[in-house]
Amino acid sequence: MCDPIEWPPRWPSVLDAEFGPPPAGEYRMTAEDFCVEEVLGFVPEGEGEHLWLWLEKRDLTTAMVARELAKACDVTPRDVGYAGMKDRVAVTRQWFSVHLPGREAPGDLALRLEPLAVQLLEQHRHPRKLKRGVHRGNRFRLRISGEAAVDEQLELRWQRLLTQGVANYFGPQRFGPHGRNLQRAISAFERGWRKRDDRDGMLLSAARSYLFNQQLAARINAGNWSLPLPGDVVMLDGTGSLFGIEPDVSAEELDQLVDRATRQDLHPAGVLWGVGGSKAQAAAVSYEAELGECYPGLCQGLISAGVRVSRRPLRMRLGEAQLNRTADGCWLSFTLPKGAFATSVLRELMEHSSLGRPAGEGRPCEKVSPAQPVNAGDPENTSTRGSDASTAAFQ
């Protein structure tokens, strides 16, 4: 058995072995330093019962905007849809849908939203509600400052991320301040998870995310996080399609798969624990079996809750990537697939307490205990400015 879960975890970064730890830096000092634009991947059809709204928000969570839209349009909260939650301390653009069969939105809707720092940019009709996870990804534009922004190795680190990809960690914000979502998940599993205590599935998500990150960390330490192994399950880049590699794959076939992985055409896919068993075999399945041995409470809790097993790539590709140094710092622009965290990119370039790599040596870890007091509040409301900044639960 492994030691009890500790917080903060020491998940390795992929660039440290080559470049050493990055210098300290700052990000998200203002909302304008962290800009996110949803990439939907399709356009509304122009007719239907649902009104789709392209909104820009500032210093608000997605859930806050959805509640205000429901009030303004005189509908229930369940009549409002969105594809993903976006960061609070940021300037973000995303689509919302409002179910308005046979009627129009209030004529002064834009004026009602303005005092909330929300701008209505576009509106179109569509036959269906906007469902979670239907978007293709997100486009980011971020400003970093401090030592990291003037580091001589910054461009080298950046280029390495472009050529080899980024470790697809769930960001520390998924686990709440001081790991409290994970604490609450442990407590919920001990007494028996109930839907009414976790309506949004936030606690289940925190548990699965922690197990995934542990598996990714183990493969980074072993040096095979980005390359397929015999028995691995791999995911095609940009499609989500999965296929398994036979345990007795020939050396020639494995070399071909490794070459495709080197070009980021495919990625090893780690398990998101749940009911259904794993399709991994041979050497690859040993990393998943270790999770069950080390964290039986989390693994069994997810199975008892009925969560279905799934897969997530261990690596993500940076798209449309640019780095520009300016007088006020350094601006990074890139796109990520849905579900990926921009903070996982930043932790490879800078040291910051909110990125899961605390500054300084020898900081003691805090035991994650369900006995500790928890005040979860709004699951998205975890963002503050400056050195304590973190981001929305997921994107």
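The structure presented is a predicted model; accordingly, all values stated were derived computationally and were not measured.
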So CD of Glu26 and CE of Met350: to nearest 0.5 Å the spacing works out to 6.0 Å

Closest heavy-atom pair and its distance - Ala148, Gly25:
CB-CA, 4.0 Å

Once you round to the nearest 0.5 Å, how far does CZ of Phe175 lie from CG of Leu182?
7.0 Å

Verify same cluster id: Val249, Leu242 (apolar side-chain graph, 4.5 Å)
no

For Phe212, is the NZ or CZ atom of Arg312 found under 6.0 angstrom from the centre of its six-membered ring and inside 45 degrees of the ring axis?
yes

Check the pair Leu120 / Leu55 against side chain to side chain contact (heavy atoms under 4.5 Å, CB included), numbers first and verdict last.
CA-CA 5 Å; Leu120 174 58; Leu55 300 180; 3.5 Å; yes

When rounded to the nearest 0.5 Å, the distance separating CG of Asp237 from NE2 of His267 is 3.5 Å

If Ile, Leu, Val, Met, Phe, Trp and Tyr residues are connected whenever their side-chain heavy atoms lie under 4.5 Å apart, and connections chain through other members, are Leu162 and Tyr169 in the same group?
yes

In Å, rounded to the nearest 0.5 Å, how long is the span from CG of Leu318 to OG1 of Thr163?
10.0 Å

Taking the six-membered ring of Tyr287 (Phe, Tyr or Trp), confirm whether the NZ or CZ of Arg219 is under 6.0 Å from its centre and within 45° of its axis.
yes

Give a yes or no answer on whether the side chain of Arg347 reaches the backbone of Leu355 with a donor-acceptor pair at less than 3.5 Å.
yes

Ignoring hydrogens and geometry, is there a side-chain-to-backbone donor-acceptor pair from Ser205 to Gly201 under 3.5 Å?
no

Qualifying residue, where the test is side chain to side chain donor-acceptor pair (under 3.5 Å) with Thr343 and the options are His352, Arg174, Gln173
Gln173

Worked verdict on Leu227 versus Thr262 for side chain to side chain contact (heavy atoms under 4.5 Å, CB included)
CA-CA 7 Å; Leu227 300 176; Thr262 301; 4.2 Å; yes

Any heavy-atom pair between the side chains of Tyr82 and Val65 that's under 4.5 Å?
no

Check: Leu291 main-chain N/O paired with Gln214 side-chain donor or acceptor under 3.5 Å
no

Heavy atoms, side chains only, cut-off 4.5 Å: are Pro44 and Glu122 in contact?
no

Is the shortest side-chain heavy-atom distance between Thr62 and Thr92 below 4.5 Å?
no

How many angstroms lie between atom CZ of Arg67 and atom CG of Leu69, to the nearest 0.5 angstrom?
11.5 Å

Within the side chain of Ser344, is there an N or O that forms a donor-acceptor pair under 3.5 Å with the backbone of Asn168?
no

Cationic N near anionic O, under 4.0 Å, Lys57 to Glu38:
no

The single option from His124, His126, Arg125, His50 passing side chain to side chain contact (heavy atoms under 4.5 Å, CB included) against Glu45
His126

Please give me the minimum heavy-atom distance between Ala149 and Ile144, naming the atom from each residue.
CB-O, 3.6 Å

Taking the side chain as everything from C-beta on, heavy atoms only, tell me whether Leu109 gets closer than 4.5 Å to Leu53.
yes

Can you check whether Leu332 reaches Trp158 side chain to side chain, under 4.5 Å on heavy atoms?
yes

Any salt bridge linking Glu32 with Arg143? Criterion: basic side-chain nitrogen under 4.0 Å from a carboxylate oxygen.
no

Residues Leu51 and Ala105: closest non-hydrogen pair is CD2-CB, 3.5 Å

Angle class for the Phe34/Tyr27 ring planes (parallel below 30°, perpendicular above 60°, tilted otherwise)?
tilted

Is there a chain of hydrophobic side chains (I, L, V, M, F, W, Y, each step under 4.5 Å between heavy atoms) that links Leu40 to Leu121?
yes

Using 30° and 60° as the class limits, which term best fits the ring planes of Trp7 and Tyr210: parallel, tilted or perpendicular?
tilted

Donor-acceptor check, side chain of Ser250 to backbone of Glu253, threshold 3.5 angstrom: yes or no?
yes

Return the minimal non-hydrogen interatomic distance between Arg260 and Leu236, and the atom names on each side.
NH2-CD2, 3.4 Å

Just so I know, are the side chains of Met316 and Val345 near enough to count as touching, which here means a heavy-atom distance under 4.5 Å?
yes

Just by distance, with hydrogens left out, do Gln300 and Ser304 show a side-chain donor and acceptor under 3.5 Å apart?
yes

For residues Leu336 and Asn138, determine if any side-chain heavy atom of one lies less than 4.5 Å from a side-chain heavy atom of the other.
no

Rounded distance (nearest 0.5 Å) linking atom CG of Asp16 with atom CD of Glu351
9.0 Å

Mutual orientation of the aromatic rings belonging to Trp95 and Trp54 [parallel < 30°, tilted 30-60°, perpendicular > 60°]:
tilted

Ile186 and Leu211: same hydrophobic cluster, using ILVMFWY side-chain contacts below 4.5 Å?
yes

Locate the shortest heavy-atom distance separating Ile220 from Ala167; write the atom from each residue and the value.
CD1-CB, 3.9 Å

Salt-bridged, Arg157 to Glu348, with N to O below 4.0 Å?
no

Side-chain donor/acceptor of Asp198 to backbone N/O of Leu203, under 3.5 Å:
yes

Is the side chain of Arg315 donor-acceptor paired with the backbone N or O of Gly165 at a distance under 3.5 Å, no angle test?
no

Compare all side-chain heavy atoms of Trp193 with those of Leu302 and state whether any distance is below 4.5 angstrom.
no

Under 4.5 Å between side-chain heavy atoms, hopping through other hydrophobics if needed: is there a path connecting Val134 to Trp52?
yes

Checking side chain to side chain contact (heavy atoms under 4.5 Å, CB included) for the pair Leu216/Phe170: CA distance, chi angles, key distance, verdict?
CA-CA 10 Å; Leu216 174 54; Phe170 287 97; over 6 Å; no

Main chain of Arg78, side chain of Lys129: is a donor-acceptor contact present, judged purely on distance under 3.5 Å?
yes

Test item: side-chain donor near acceptor, Thr335 and Arg317, under 3.5 Å
no

Evaluation steps, side chain to side chain contact (heavy atoms under 4.5 Å, CB included), between Arg325 and Leu154:
CA-CA 10 Å; Arg325 293 184 187 268; Leu154 179 59; 3.5 Å; yes

Return yes if some donor-acceptor pair links the side-chain N/O of Gln215 with the main-chain N/O of Val271 below 3.5 Å, else return no.
yes

So does Leu15 get a backbone contact from the side chain of Ser13, meaning a donor-acceptor N/O pair under 3.5 Å?
no

So which heavy atom on Ala217 is nearest to which on Pro12, and how close?
CB-CD, 3.5 Å

